[in-house]
2 protein chains.
Amino acid sequence: MDKKENTTPDQDSTEQKIFDAAHEIFTQKGMDGAKMQEIADKAGINKALLHYYYRSKEKLYEAVVKAVMAKALPTVRQVIESELPLEEKITRFIDFYIGLISKNTFIPLFIISEINKHPDHFFENVMPRQLPQPEIFFRQVQEEVAAGKIRPIDPRHLIINIISLCIFPFLGKPLMRMLLGLSPEEMKKLLDQRKQEVTSFVLAGLKPVQQPESPIP
Amino acid sequence: MDKKENTTPDQDSTEQKIFDAAHEIFTQKGMDGAKMQEIADKAGINKALLHYYYRSKEKLYEAVVKAVMAKALPTVRQVIESELPLEEKITRFIDFYIGLISKNTFIPLFIISEINKHPDHFFENVMPRQLPQPEIFFRQVQEEVAAGKIRPIDPRHLIINIISLCIFPFLGKPLMRMLLGLSPEEMKKLLDQRKQEVTSFVLAGLKPVQQPESPIP
DNA sequence: CGCAGAATTAACCAAATGGTTAAACCTAAT
DNA sequence: ATTAGGTTTAACCATTTGGTTAATTCTGCG
């Protein structure tokens, strides 16, 4: 019998339609730019229903933010906290993370924007309790540095570098296009190469220093 | 005679006070988040004066955006288009750019956000006519690659990498803090090290490949 | 059927917000 | 001092917007 008793959040129930619409609008326009009427329209329902299911704009917004964060962070955790060898961990992280971003173009800017506007609120109410634990990664880096397998680097900077190289090109896509004078197609091609490029750039940047005698003659 | 005929924008004239207030509010809250009343309050004047000098919110906003872009881009140009040797050019660019960003924390997010919301409008109305010409830089990179002085790399990716490493850590500061579990002081310290860190990371990432035999035993 | 409770809607409300207006206020030149 | 023109303001206006209400429709069930 196909009643509606299952625990899954009722695929395409009204509530779900509202949430989906809100997700789209909020992530693209932010809290201030989003209008309740627009969300209702996109969901194909009456505006009053928004308040019937989610009491206020803030509540609805918060639901979206929480969902976004709850989806984005564990993926990072999973890779960061694993016990893979460092190089493979880095490779996988880049592959995975860039893949994620290219399928959710608006999310990074959304997170960054909103976290900047209400940092305190974010830290207190929105953050998933289970933050990634970078300690394993830190230790790995320190070990490999000590073993001379990679050049000395502060693991925190390394994480920052990797994440910057993954996220920013998508964030700044229009800016980069303009700066480099690229057509949309050229830009797309370039972004498609980022997995490869970031991986080799980071690994190259980690090679242990050999005294730079004379380059290949 | 000190009429008001000079070309300089009348230091702390009413118009200037309005512009300054608008600059602060708009860059921090974006077009949607900014309220005319708040700008008027910050400027210490009546709201009607905003419309007396700048006819509408959009006009005022546009004035701010144009000013921001007109200030941000030439600095990039200057370094990019110079004929300095590649390594020094990169070093200087990083030093200069990170310096600029740390003194104008809100600007990058502002530019990125607004360019993403109205890309067409940006490209048509707001962009300074004089875009940086990356050709010189491209050529330099290609030459050094050909000479075996740096490992093979697409110059466009190199620019993207450098800019990502410079800008993103400041954009994503709260996010990074959270991810790494750092106090505000620790985070500040880390950001203060970015000039050094980015420079060595990029230069390391450009070292020509020596076949990785056995690491130092 | 008929009824209870949930779902949905049209109409409405109050506050916020961008923008206007007409009057008041300078200030410099007559 | 008077006046003309730019500057500034308080009061006002129209629209937008988040939110509410009361009535209507829908749905399952005895």
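Chain A is the first sequence line, chain B the second, and so forth, proteins listed ahead of strands; every chain is numbered from 1.
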How long is the line joining [atom1] of [X] and [atom2] of [N], in whole Å?
X        : N       : atom1 : atom2 : answer
Asn46(B) : dA10(D) : CG    : P     : 6 Å
Ile45(B) : dG19(C) : CD1   : P     : 14 Å
Asp32(A) : dT17(D) : CG    : C1'   : 13 Å
Leu49(B) : dC26(C) : CG    : P     : 13 Å
Lys57(A) : dT17(D) : NZ    : C1'   : 8 Å
Leu50(B) : dT7(D)  : CG    : P     : 15 Å
Glu15(A) : dT8(C)  : CD    : P     : 11 Å
Lys17(B) : dT7(D)  : NZ    : P     : 13 Å

Looking only at side-chain N and O atoms, does [X] come under 4.0 Å of OP1 or OP2 in [N]?
X        : N       : result
Thr14(A) : dT8(C)  : yes
Tyr52(A) : dT9(C)  : no
Ser56(A) : dG18(D) : no

Applying a 4.0 Å non-hydrogen cut-off, can you work out what Tyr53(A) is touching in the nucleic acid: base, sugar-phosphate, or nothing?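 Sugar-phosphate, no base atom in range.
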Contact class for Ala34(B) (heavy atom, under 4.0 Å): base, sugar-phosphate, or nothing?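 Sugar-phosphate: the residue Ala34(B), judged by heavy atoms under 4.0 Å, touches backbone atoms but no base.
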Let me know, please, whether Ala48(A) or His51(B) comes out on the 5' side of the other along DNA chain C by nearest nucleotide.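 Nearer the 5' end of the strand: Ala48(A).
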Side-chain donor/acceptor contact of Lys35(B) with base of dG18(C) under 3.5 Å: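 There is none.
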Could you give the distance from CD (Gln28(A)) to CZ (Phe106(A)), rounded to the nearest 0.5 Å?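 Those atoms lie 4.0 Å apart.
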Using the ring centroid of each side chain, check whether Phe93(A) and Tyr97(A) are separated by less than 6.0 Å.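 Under 6.0 Å, so yes.
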Give the minimum heavy-atom separation between Lys89(A) and Ile80(A), together with the two atoms involved.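 So the two residues come closest at NZ-O, 2.8 Å.
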So, Ser56(A) versus Glu58(A): side-chain donor-acceptor pair below 3.5 Å or not?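 No.
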We want to know whether Gln16(B) and Ser13(B) form a side-chain donor-acceptor pair, criterion being a heavy-atom distance below 3.5 angstrom.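 No donor-acceptor contact under 3.5 Å links the two side chains.
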